[in-house]
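Here's the structure, in structure tokens; my notes come after.
Note that ligands are numbered from 1 as they come in the structure, with each ligand's atoms numbered from 1 the same way.
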Amino acid sequence: MENRELLRVNHLKKYFQTPSGTLSAVDDVTFGINSMETLGVVGESGCGKSTLGRCILRLHEPTAGEVIFEDRNILECNKAEMKELRSKMQIIFQDPYASLNPRMTVSQAIAAPLIIQGIYKPSEKEKIRKRVAEMMDVVGLAPRLVNSYPHELDGGRRQRIGIARALSVNPKFIVCDEPVSALDVSIQAQVLNLMQDLQAQMGLTYLFITHNLSVVKHLSNQILVMYLGQLVEKATPKQLFKNPVHPYTQALLSAIPEA
Ligand code: ADP
């Protein structure tokens with residue numbers, strides 16, 4: 001089992017200028033993620049989790065620091081290098097309804113990254129059709145839904161489209177930004193199980209962001225606890241649940257009924 005570090009974040013900072021001054025959304029955060037592992041990132045709403053995930057993918061431009069992916073600092077990559085990296089580093093969003101174009105069918109939504117990344121030309125219709133069918137199968141979407149629109153599907157199926165889109169370009173690393181938080185509790189477990197199966201099948205590495213510690217308890221190798229933009233604790237789930245060191249981690253744990 002390979003456990004080489006795939007991604008390293010060094011002293012990452014993201015400041016936003018707001019009318020009331022400078023806000024340190026991510027404040028000097030350093031950590032690494034091993035290949036094919038899951039790093040959970042937990043903390044209350046507004047503590048900087050999404051900003052961290054977006055900075056790693058350069059959807060937000062960090063203020064300072066390094067993001068080392070496969071031995072290069074992606075913050076120094078030019079546009080062409082970033083385009084190449086985009087197929088290796090993907091994101092799954094919380095609300096698939098907001099992140100999916102309502103006018104695109106399932107097939108168009110899954111095909112879009114393949115075309116944007118230049119994996120297929122729009123004219124290569126048969127190849128695209130085959131890849132879309134393959135991805136729908138991988139995420140458990142029935143073939144009959146290929147021409148459906150997002151509003152015709154339930155939340156679980158919409159999130160399966162979000163996952164299929166992210167995986168269609170064959171990434172290695174995925175930022176999962178609250179991927180089950182908008183789903184009914186009964187559907188959450190199905191989607192989490194799917195994500196775990198896909199991780200094993202495809203050798204994926206996850207940064208899994210959630211405000212709900214119980215969601216990442218079972219699927220993380222390590223958990224980072226963030227508080228006000230800073231990393232306050234890093235531990236295995238077992239250590240964290242048994243012996244939380246930081247008072248904020250203790251507060252997070254006490255919010256979980258079964259903990
Ligand atoms: P979380 O994902 O943990 O809920 P966020 O990363 O979304 O937290 O936000 C962290 C902080 O940064 C919050 O105070 C939020 O209001 C602020 N923030 C996020 N995005 C922006 C932005 N584009 N401009 C200004 N402030 C922002």
Side-chain angles (χ1 to χ4, degrees), residues 7-33 38-67 69 74-75 82 89-100 155 158-159 162-163 166 173-183 185 188 191-192 195 205-217 219-220 222-235 237 240 244-256 259:
L7 183 110
R8 167 141 291 274
V9 170
N10 286 327
H11 303 292
L12 194 72
K13 296 179 186 165
K14 176 63 183 177
Y15 300 156
F16 290 113
Q17 298 308 328
T18 68
S20 49
T22 303
L23 187 146
S24 309
V26 175
D27 195 5
D28 201 357
V29 166
T30 295
F31 62 88
I33 311 179
T38 297
L39 180 70
V41 179
V42 298
E44 68 194 352
S45 177
C47 74
K49 305 180 297 295
S50 284
T51 306
L52 172 66
R54 282 169 168 73
C55 282
I56 291 172
L57 301 180
R58 285 183 79 183
L59 300 175
H60 281 322
E61 207 51 50
T63 308
E66 289 180 336
V67 177
F69 180 75
I74 73 160
L75 305 186
M82 275 317 293
M89 306 175 85
Q90 285 283 311
I91 184 163
I92 299 170
F93 294 100
Q94 167 170 0
D95 183 356
Y97 203 54
S99 59
L100 291 171
R158 285 200 293 259
Q159 192 53 295
I163 297 170
F173 171 74
I174 304 187
V175 172
C176 313
D177 190 354
E178 304 264 12
V180 299
S181 303
L183 303 178
V185 173
Q188 286 188 3
V191 173
L192 289 173
M195 292 179 68
T205 305
Y206 289 150
L207 180 85
F208 197 110
I209 294 170
T210 177
H211 65 280
N212 183 349
L213 196 44
S214 49
V215 164
V216 280
K217 183 180 175 186
L219 49 87
S220 301
Q222 297 263 320
I223 296 177
L224 293 183
V225 181
M226 276 185 84
Y227 183 64
L228 298 178
Q230 294 183 338
L231 201 170
V232 294
E233 192 159 351
K234 181 178 181 188
L240 202 72
V245 176
H246 196 272
Y248 176 66
T249 313
Q250 293 164 2
L252 265 186
L253 283 167
S254 66
I256 301 176

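Looking at residues two or more places apart in sequence or on another chain, you find no ring pair (Phe, Tyr, Trp, His ring centres under 6.0 Å) involving H211. F69 meets the ring pair (Phe, Tyr, Trp, His ring centres under 6.0 Å) test with no other residue; sequence neighbours excluded.
Side-chain N or O atoms of E233 include one that pairs as donor or acceptor with a backbone N or O of V245 at under 3.5 Å. Not one N or O on the side chain of Q90 forms a donor-acceptor pair closer than 3.5 Å with the backbone of C176.
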Let me have the donor-acceptor pairs involving side chains of residues 46-53, under 3.5 Å, with sequence neighbours excluded, atom names and distances please.
from, atom 1, to, atom 2, distance (Å)
K49, NZ, G43, O, 2.8
K49, NZ, E44, O, 3.1
S50, OG, D177, OD1, 3.3
S50, OG, D177, OD2, 2.8

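Among protein residues, F16, L23, A25, E44, S45, G46, C47, G48, K49, S50, T51 come within 4.0 Å of ligand 1, judged on heavy atoms.
In terms of heavy-atom proximity, L39 sits nearest to G32 at CD2-O, 4.3 Å.
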